[in-house]
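In what follows, chains carry the letters A, B, and so on, assigned in the order in which the sequence lines appear, proteins first and then strands, with residues in each chain numbered from 1. Predicted model only: the values in this text are computed from it and were never measured.
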Protein chains: 2
Amino acid sequence: MTVTIKDVARLASVSVATVSRVLNSSAPVSPDTRERVLQVARSLHFVPNGSARSLSRRRAAALGVILPDLYGEFFSELLRGIDQAAQRASHSLLVSSSHHDARGIGSAIRAMRGRVDGLLIMAPEVDAADVAEVLPADFPTVLINGAAASSSVQTITVDNFGGAQAMTEHLLSLGRRRIGFIAGAAHNADALERERGHHAALQSAGLPIDPELYVRGDFSEESGWQGAATLMGILSPPAAIFAANDAMAIGAISYLREQDITVPERMAVVGFDDIPVARYLNPSLTTVRVGIAALGQQATALLLDALDNRAPPTNVASRSVLPTHLVIRGSCGSPTSAPSRQPAASSTARNGFDETPIVSH
Amino acid sequence: MTVTIKDVARLASVSVATVSRVLNSSAPVSPDTRERVLQVARSLHFVPNGSARSLSRRRAAALGVILPDLYGEFFSELLRGIDQAAQRASHSLLVSSSHHDARGIGSAIRAMRGRVDGLLIMAPEVDAADVAEVLPADFPTVLINGAAASSSVQTITVDNFGGAQAMTEHLLSLGRRRIGFIAGAAHNADALERERGHHAALQSAGLPIDPELYVRGDFSEESGWQGAATLMGILSPPAAIFAANDAMAIGAISYLREQDITVPERMAVVGFDDIPVARYLNPSLTTVRVGIAALGQQATALLLDALDNRAPPTNVASRSVLPTHLVIRGSCGSPTSAPSRQPAASSTARNGFDETPIVSH
DNA sequence: CAGCTGGATGAAAACGTTTACATCGGGAGC
DNA sequence: GCTCCCGATGTAAACGTTTTCATCCAGCTG
């Protein structure tokens, strides 16, 4: 039915070995047989079978990507970065999402065994040690935004703590001393770090930590909406809302608008991530830039390096941290934030390599 | 190095055939050997090699997904729908993006040959016939939002024409008779259909088609920003802007805000797609709901059906069209659009099966 | 001219599964 | 007590590549 290398060999009256050599230019072949083989291959529309090739070569030229979800702009940005880096290295992507616990991740990994050369796992709600457990031994893996456990798997993260700290300091510098905080899910590593950063900034400013000013969301717009509603319902509402990610900030602003509470005049709202849409919101969103696509690219680069054995020795768990940057826009009411005359997203920015340096801790 | 079925067989002192039978429960095996095999397999952490399995079975339990891009919420929604449907059928996803022309699509397909059982291709800027050309003969394929060519490949689309027509009619009914239109890329099939729908509505209302009111974008926020700038620069600016997708509508609103032109009072702005963030914008975006995730799910369901040969005969090109719905929110200035008290995105809506019926043309 | 060297090729053994096909019991039917 | 069938297993042939090894021949070197 489907045309195989044998068909090509037969019609070109050579052995399959020669066909393979021509197609991969892996050994010298005389110019005329080479031409003959190519011609037959073209005319038959021959395309080598990927599974057979992977099996024989013992490498698949593919990477596995395991994500907790695909909802919202964050994951598509991440995937975009991963895809760019993988494609540059001629690798395909086997993607699987909706994996929130170690069991689910385990079964996703099993489905990928033998079809991928390495694994990119984002599991902010799962302990890194638990992930390591379900991992095949010595399988090249990079964990994205995992909890900072002392496991043996390579990890890349964003400076959640520093970013949140800087943001809270910024809000304080604007004179907003009562800050409501919409946190992420309780077991989410990123969410926790951002919370810690916020705390740290408050404490070093000598401010108390008021439990009434804390509500817990789940990184969805809806939970941001709910969070804002809760915060506005307390006896003395805050003067600013710091949502632990942009999606929740968007939800919060949406609630405030419905209540005719003007942002930023009556309420400053800030987020975290700098998803692409943030700069186009009304008001444009002050946030912490993460360089999501760059994160994906760096993670992929790390993995590809490991595959080429330009890698750190497998038993040394390295941990990379990408820096974050404050992006001051309209929603925080900062006087420095004049409306930009041009949208910042130029076509070059859209391909998204931010060249953010890596700092190892 | 890695543990294979032979290792399991040896340690359980049975043949590889028996191990395979146990693992797939494909033939009766006595309870005690069965138990013994399972125990050995577990203790060795044996996981079957996917490539070998695909090769032997002649099916990969994977689908190939080829997208033009990954930027923005549209594609992540689509991918989310596809992933849901595929996962339900225990299929993996091999994803490849950034393919805008037939050549790129062709090479992506070649890389997937033998690793996937079917193909999901979104290529709005490529003629369906050109896609069919680079397709392996008789390979199960579903085209998403492809141009309506008479090719032999199955296609699923959204009712772009009807949606755009309804939207323009709505704007006209609000008394906005001068409507600026920000179109999509010139060769984009979806964009063209939406343009046609807009035209049709104008014509049946007896209105002229003013070329000054047409600007061409590329579905990015930035091009929406530029488009709005252009439209505001003409001698007698419009009273409404219809952007051919939500991203451009967001860009347009962003420009208008910078110019202190209030939306919807001085300018109505509407979009197309109903990406998740649309309802959280300020003002919330009036748009045409497409059910993006549902589109992905339906496309995948169609493909899976074809794989099971519950399919339409391969030589009959079927064409499915999903209906679209007007979603009236704040940005069009419609009196009927009272602010909702609750965000519409409930957690059930987030898993996104819209149950939108399929209408075949 | 004997002995190398190396380019061009083919035969066949991997790679790790699944799956015909074959074998061997033993219990049921007569 | 003889078939017949069926459950439980093993052997080996696929699946479609790549790659090692071997072979052959031509052209050098000495």
Side-chain angles (χ1 to χ4, degrees), chain A residues 1-38 40-41 44-62 92 110-117 136 139, chain B residues 1-38 40-41 44-62 92 110-117 136 139:
Chain A
M1 196 78 203
T2 64
V3 33
T4 80
I5 197 175
K6 288 184 185 171
D7 301 320
V8 178
R10 186 157 24 79
L11 266 77
S13 33
V14 293
S15 72
V16 291
T18 300
V19 177
S20 172
R21 286 192 267 256
V22 169
L23 264 31
N24 302 308
S25 23
S26 54
V29 171
S30 82
D32 51 342
T33 46
R34 175 186 173 74
E35 198 46 51
R36 190 153 31 98
V37 168
L38 284 178
V40 173
L44 293 184
H45 292 113
F46 170 69
V47 179
N49 180 304
S51 293
R53 192 190 283 241
S54 309
L55 185 57
S56 186
R57 283 212 181 135
R58 240 152 329 190
R59 45 176 318 208
S92 302
R110 268 189 295 281
M112 291 182 171
R113 174 62 170 272
R115 343 177 77 130
V116 300
D117 301 325
F139 198 75
Chain B
M1 197 79 206
T2 64
V3 33
T4 81
I5 198 176
K6 289 185 186 173
D7 301 320
V8 178
R10 187 159 21 82
L11 265 76
S13 34
V14 292
S15 72
V16 291
T18 301
V19 177
S20 172
R21 287 192 267 256
V22 169
L23 265 31
N24 302 308
S25 21
S26 55
V29 171
S30 82
D32 49 343
T33 47
R34 175 186 170 74
E35 199 45 53
R36 188 153 33 97
V37 167
L38 283 177
V40 173
L44 292 184
H45 292 112
F46 170 70
V47 179
N49 180 305
S51 294
R53 191 188 284 240
S54 309
L55 185 57
S56 187
R57 283 209 182 140
R58 240 153 329 191
R59 45 177 320 210
S92 302
R110 269 189 295 282
M112 290 182 170
R113 174 62 170 272
R115 345 179 74 130
V116 300
D117 300 325
F139 198 74

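Taken to the nearest 0.5 Å, the CZ atom of A:Arg110 stands 10.0 Å off from the NE2 atom of B:His45.
Phosphate proximity of C:dT9 to A:Thr33: present, with a side-chain N or O under 4.0 Å from OP1 or OP2. Residue B:Ser30 places at least one side-chain N or O under 4.0 Å from the OP1 or OP2 atom of D:dT9.
In this structure, A:Asp117 contributes its side chain and A:Arg59 its backbone to no donor-acceptor pair below 3.5 Å. Of the possible donor and acceptor atoms, none in the side chain of A:Arg113 sits under 3.5 Å from a partner among the backbone N and O of B:Val47.
Considering only residues two or more places apart in sequence or on other chains, B:Ser56 meets the side chain to side chain donor-acceptor pair (under 3.5 Å) condition with none of them. Listed by chain and number, the residues in a side chain to side chain donor-acceptor pair (under 3.5 Å) with B:Ser30 are B:Asp32, B:Thr33 (sequence neighbours excluded).
Counting to the nearest Å, the P atom of D:dT17 and the CZ atom of A:Arg59 are 18 Å from each other. Spacing between atom CG of A:Asp32 and atom C1' of C:dG7 amounts to 13 Å, rounded to whole angstrom units.
Note on residues 8-19 of chain B: pairs passing salt bridge (charged side-chain N to carboxylate O under 4.0 Å, His left out), not counting sequence neighbours, are B:Asp7-B:Arg10. Applying the salt bridge (charged side-chain N to carboxylate O under 4.0 Å, His left out) test to pairs two or more places apart or on separate chains, none has a residue in residues 21-30 of chain A.
Each end of the helix from C:dC1-D:dG30 to C:dC30-D:dG1 gets its own axis from five base pairs, and the two axes differ in direction by 50°, given to 10 degrees.
Using modelled atom types and a 3.5 Å distance limit, the side chains of B:Ser54 and A:Arg115 yield a donor-acceptor pair.
Within 4.0 Å (heavy atoms only), B:Ser54 reaches no atom of the nucleic acid at all.
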What is the per-nucleotide protein-contact pattern of nucleotides 15-20 of chain C, from the 5' end, where B denotes a base atom under 4.0 Å from a protein heavy atom, S denotes such proximity for sugar-phosphate atoms only, and - denotes neither? BBBBBB

